[in-house]
Amino acid sequence: MYHSEYWMNTSHFWINYPHIHISSLTKYYYLMQTAFWFQQVYVLHVEKRRKDHYAMLAHHIITITLLVSSYYTHFTRIGNSVLCCMDLADVFLSLAKILKYLGYSTLCDVVFGLFAVVWPVTRHGLFFLIIGSTAVHPPLYMDMKWDPLNGKYFTPLTQNIYLGLFLMLNLLMFYWFIMIVKVIVKVLQGKNAEDTRSDEEDSSEQEKR
């Protein structure tokens, strides 16, 4: 993505649409992401339920819908950008979890702090730029006509559907960011970084006690 036309230039999401031909690496990344999120729906229902179970389910459904529809309608440029915005924070979160399981609590807190910084920058700041581009740029560079024979699927209705899905995704990101802030407060109080999403079963047992 770093060497692409649309790196830090959102107008190229729309210029020369449809972008039917994509690189093999982008295609591989897209299909692997789609398979991963389908698998996550299954995982979500075999693990113990957490308080954000339905938020996670909504996230997975929205993500799969965006991946499949953007791939079919040749909007892989904007899809790839959204994936990159979302994935970067996950690297730090996964590393923090690994460090915690290994017993490196202090280092875990440091990495979690980096995660807490990266999250709002990528998942809110950069993602907001993508939402803004989707709302403003398409009429400037496209004819906004439904023409499947020529690979064109972007109309005002399509635009509103994508905007709606993006905004729902952003609301879920804010919901989880509130949880992140709660963990940060605990760390600042001298406690270790803990997942605030306790299992429903554990919560009910604690309430009974």
Side-chain angles (χ1 to χ4, degrees), residues 1-13 19 22-41 43-44 50 52 55-56 58-71 75-102 104 106-134 162-163 165-184 187 193-197:
M1 181 176 171
Y2 178 75
H3 299 289
S4 66
E5 293 178 315
Y6 54 95
W7 172 255
M8 302 304 289
N9 188 350
T10 55
S11 61
H12 279 280
F13 290 157
H19 308 114
I22 59 176
S23 68
S24 58
L25 183 61
T26 300
K27 185 174 183 177
Y28 175 79
Y29 179 53
Y30 232 79
L31 295 179
M32 288 296 292
Q33 284 278 2
T34 304
F36 171 78
W37 289 111
F38 269 111
Q39 172 260 348
Q40 282 297 101
V41 173
V43 170
L44 191 64
R50 296 181 181 273
D52 66 342
M56 290 289 287
H59 169 272
H60 296 352
I61 291 173
I62 291 171
T63 301
I64 291 170
T65 302
L66 286 170
L67 280 167
V68 174
S69 62
S70 62
Y71 186 83
F75 280 105
T76 49
R77 287 188 176 186
I78 194 168
N80 186 40
S81 299
V82 173
L83 287 171
C84 290
C85 285
M86 300 298 167
D87 283 354
L88 184 58
D90 285 340
V91 174
F92 291 97
L93 179 60
S94 297
L95 179 57
K97 287 182 177 180
I98 291 171
L99 292 170
K100 184 171 181 62
Y101 296 150
L102 292 174
Y104 299 105
T106 302
L107 191 55
C108 166
D109 292 344
V110 173
V111 175
F112 184 82
L114 294 174
F115 161 74
V117 172
V118 171
W119 178 291
V121 172
T122 58
R123 294 200 174 196
H124 297 297
L126 296 181
F127 187 43
F128 180 78
L129 294 178
I130 293 174
I131 295 174
S133 177
T134 306
Y162 275 116
L163 282 172
L165 291 171
F166 283 160
L167 290 173
M168 285 190 287
L169 195 58
N170 207 23
L171 284 175
L172 290 170
M173 294 301 113
F174 274 112
Y175 168 68
W176 282 312
F177 188 62
I178 292 173
M179 291 186 174
I180 294 171
V181 172
K182 290 181 179 179
V183 176
I184 294 173
V187 172
E194 296 284 350
D195 194 342
T196 59
R197 306 170 304 156

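Everything numeric in this text was worked out from a predicted model, so none of it was measured. What you see below is based on every heavy atom in this structure, not just the backbone, and it leaves out hydrogens, waters and symmetry mates.
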[Y] side chain reached by [X] side chain, heavy atoms, under 4.5 Å:
X: V41; Y: I64; value: yes
X: H59; Y: D52; value: no
X: Q39; Y: F36; value: yes
X: T63; Y: M86; value: no
X: V82; Y: L66; value: no

Carboxylate-amine/guanidinium contact R123 D90, below 4.0 Å
yes
Straight-line distance of [X] [atom1] to [Y] [atom2], nearest 0.5 Å:
X: C84; Y: Y29; atom1: SG; atom2: OH; answer: 4.5 Å
X: I131; Y: L169; atom1: CD1; atom2: CG; answer: 8.0 Å
X: L93; Y: I180; atom1: CG; atom2: CD1; answer: 7.5 Å
X: F38; Y: I61; atom1: CZ; atom2: CD1; answer: 10.5 Å
X: T65; Y: H60; atom1: OG1; atom2: NE2; answer: 12.5 Å
X: S4; Y: I22; atom1: OG; atom2: CD1; answer: 13.0 Å

Give the minimum heavy-atom separation between [X] and [Y], together with the two atoms involved.
X: R77; Y: F13; result: O-CE2, 3.9 Å
X: L67; Y: Y30; result: O-CE2, 3.4 Å
X: V117; Y: V121; result: O-CG2, 3.3 Å
X: A55; Y: Y175; result: CB-CE2, 3.8 Å
X: V111; Y: A96; result: CG1-N, 3.8 Å
X: I62; Y: L165; result: CG2-O, 3.8 Å

Checking side-chain polar atoms at under 3.5 Å, does Y162 have a donor or acceptor matched by the opposite partner on S70?
no
Can you classify the ring geometry of F177 versus H124 as parallel (below 30°), tilted (30 to 60°) or perpendicular (above 60°)?
perpendicular
Aromatic plane relationship, F115 with F112 - under 30° parallel, 30 to 60° tilted, over 60° perpendicular:
tilted
Verify whether the ring centers belonging to F127 and F166 lie closer than 6.0 Å.
yes
Would N170 and F174 count as a side-chain contact (heavy atoms from CB on, under 4.5 Å) here? Give the steps.
CA-CA 6 Å; N170 207 23; F174 274 112; 3.8 Å; yes
Output yes when a side-chain donor or acceptor of S133 lies under 3.5 Å from a complementary backbone atom of L129, and no otherwise.
no
Crowded around Y28 OH? As in, over 12 foreign heavy atoms under 6.0 Å?
no
